[in-house]
Amino acid sequence: MSGDNIQYWRWREYRLTVPSVKWKNAETITAGIDVGSVSSKAVVMVDGEICSVSVMRTGSSSPDSAKKVLEWALEGTGIKPTDINYIVGTGYGRVNVPMANSTLTEIACHAKGANYIWGPTVRTILDVGGQDIKAIRCDEKGKVLSFIMNDKCAAGTGRGMEVLADLLKIPIEEMGEASLKVEEEPDPVSCTCVAFARTEAVNLLRRGWSKEKVLASYMRAMALRMCNLLERVGCEKDLVITGGQSKNIGIVSRVEKILGIKPLPPPNWRENGRDPMAAGAIGAALFAKALYEKNKNTT
Amino acid sequence: MIVAGLDMGVQNVKVVLLKDRKILSRGLAPSGFEPEKAVEKAFQEALEKAEVAFSDIQHITATGVGVELAPKFDSKISVVSADARAAVYLHPSARTVIDVGAEESRVINCDEKGSVLDFALNDRCAAGAGAFLEAMARALEVKLEEMGALSLKAKGTTSISATCVIFGESDVVSLIHKQEPKHEIARAIYDALAERIVSMVHRVGLKPDVILVGGVARDIGFAAALKRKLGTEIVIPENPEYAGALGAALYAVENLGGR
């Protein structure tokens, strides 16, 4: 394969089943579907335990993406769509999740999901997705107290990483590590506008900067934007990071450095399915359980 | 007396040659990755058209976003100053200059001599410049050159927000899914950019006459939207993308003691 055919921006899609979770005698089977701007996530829960997770790229149509990601989560589990008692849709494309019984904002779902993943000590959640940055404060039950998000501009979000991966020819999943290979942290780029990421990086390369230094500079600027939101919302421990960028060590380590607060490390999600990237879908599946039980008791 | 103005734009390098304050010729080359070559090419075009030699040029004034990449020049000025000088040269009663380039836009108030009184700048956000139109045309799957004419067929049934190129793309995609006609979406795109520019105009104050320069001034869809949103007539000079280079050349004349 020639080097030019590699799609450096492509991050890995995956699905997983938690083998220890049995569903045959379950009281409730629920699902959460989070259709984001870049990735779609589905989580199937059996009596409040994660049974399976899938993460894939969002296509041009939100309804199709919702359907596909749920089908993929169910694949191999033996659970049929009709076995699911209740589905909650969330995320940027939530109005277009046709099979959802109800929809909730991703802010509520991320807080709920983070509470489930890390436990009741979580007070602040930084959710960095494809074109969103959200700083969320929550209580010990994962209930949202306040939040701030980038509602005017996508600067500093995950989309910029895809652009840079292609330009610098570094696989997207290796960019975080690469950005840490600088002797000295450079100044942040002056502009993190996603549409200008390319020109900004080209200008730096022209000045003789290494790829690693360009990445370090760009990620530092991203992290500064995130920390600005966190400071505005009032960052209290424990802090956790969710969304796609939670997997970017270049971002996570810089946020930690700037704030002086160490985010809780991600759990062993490959085994228990508690993937911080799927926090919104996890929260949605939990809400689905609560809503199903509430409806059952009232009827 | 022959002088040159050199505008190091993000997309194109532009050269204007003046002889005794009259335009001799123009030259343009894509900026690309090798700015020196682009400058050479733009000069070559201008020199050939004017039938003069590089050594005939007595003074070069450079301007533009990439001015630090210019290989050789005798003096430099800001784009804002260059725009103001050029505007009054092209249209003596111009008092408000709107310059929409590939990645930046500016609105300038000037006096009758072409001196800057006040200005507003958009340089950190692609949603306020030509890059916005490029990205939206891609999302709409139409050629940028054709989007202007397409938008003129629309009545104005829909709108998008131009706070961000990335959010704008999502807006356009969802309008396509809602089966909004392409010409209506095209008009919404131009209206969104025009609104951003108009808010800059109001920041500095709208003083007639208004002149529109920069590469985006060639886009009939944008010009129509700006006129609509501004509620006033707009002067669009021939060769609007050369305004910066022209203004720089006028400064070169002044540097040599001419008026």
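The figures here come from the full heavy-atom set of this structure, side chains too, leaving out hydrogens, waters and symmetry mates. Just so we're on the same page: letters track the sequence lines, and every chain starts at 1.
- What you find for B:F167 and A:A154 is that their closest heavy atoms are CE2-CB, 3.8 Å.
- Summarising the local packing, CZ of B:F119 is surrounded by 12 or fewer heavy atoms from other residues, nucleotides or ligands at distances under 6.0 Å.
- Heavy atoms of other residues, nucleotides or ligands lying less than 6.0 angstrom from CD of B:E40 number 12 at most.
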Return all side-chain donor-acceptor pairs below 3.5 angstrom for residues 190-201 of chain A, not counting sequence neighbours, or 'none' if the list is empty.
unit_1: A:S190; atom_1: OG; unit_2: B:R124; atom_2: NH1; d: 2.5
unit_1: A:T199; atom_1: OG1; unit_2: A:F196; atom_2: O; d: 3.3
unit_1: A:T199; atom_1: OG1; unit_2: B:E103; atom_2: OE2; d: 3.0

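- Remark: A:D151 CG is packed, more than 12 non-hydrogen atoms of other residues, nucleotides or ligands lying under 6.0 Å away.
- Within a 6.0 Å radius of CD in B:E68, other residues, nucleotides and ligands contribute more than 12 heavy atoms.
- Among the residues in residues 202-214 of chain A, those with a non-hydrogen atom closer than 4.5 angstrom to a non-hydrogen atom of chain B are A:V202, A:R206.
- Once rounded to the nearest 0.5 Å, the distance linking NZ of A:K152 with SG of B:C125 reads 12.0 Å.
- Sorted by first then second residue, the salt bridge (charged side-chain N to carboxylate O under 4.0 Å, His left out) pairs that include residues 127-137 of chain A, not counting sequence neighbours, are A:E106-A:K134, A:D127-A:K134, A:D132-A:K134, A:R137-A:E236.
- With a 4.5 angstrom heavy-atom cutoff, B:E169 touches chain A only via side-chain atoms.
- Along residues 173-185 of chain B, the residues that come nearer than 4.5 angstrom to chain A, judged on non-hydrogen atoms, are B:V173, B:H177 in order of number.
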Pair A:Q131, B:S170 - check side-chain contact (heavy atoms from CB on, under 4.5 Å), show working. CA-CA 10 Å; A:Q131 57 184 45; B:S170 306; 3.2 Å; yes
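- For B:A131, the part sitting under 4.5 Å from any heavy atom of chain A is the side chain, from C-beta outward, and nothing else.
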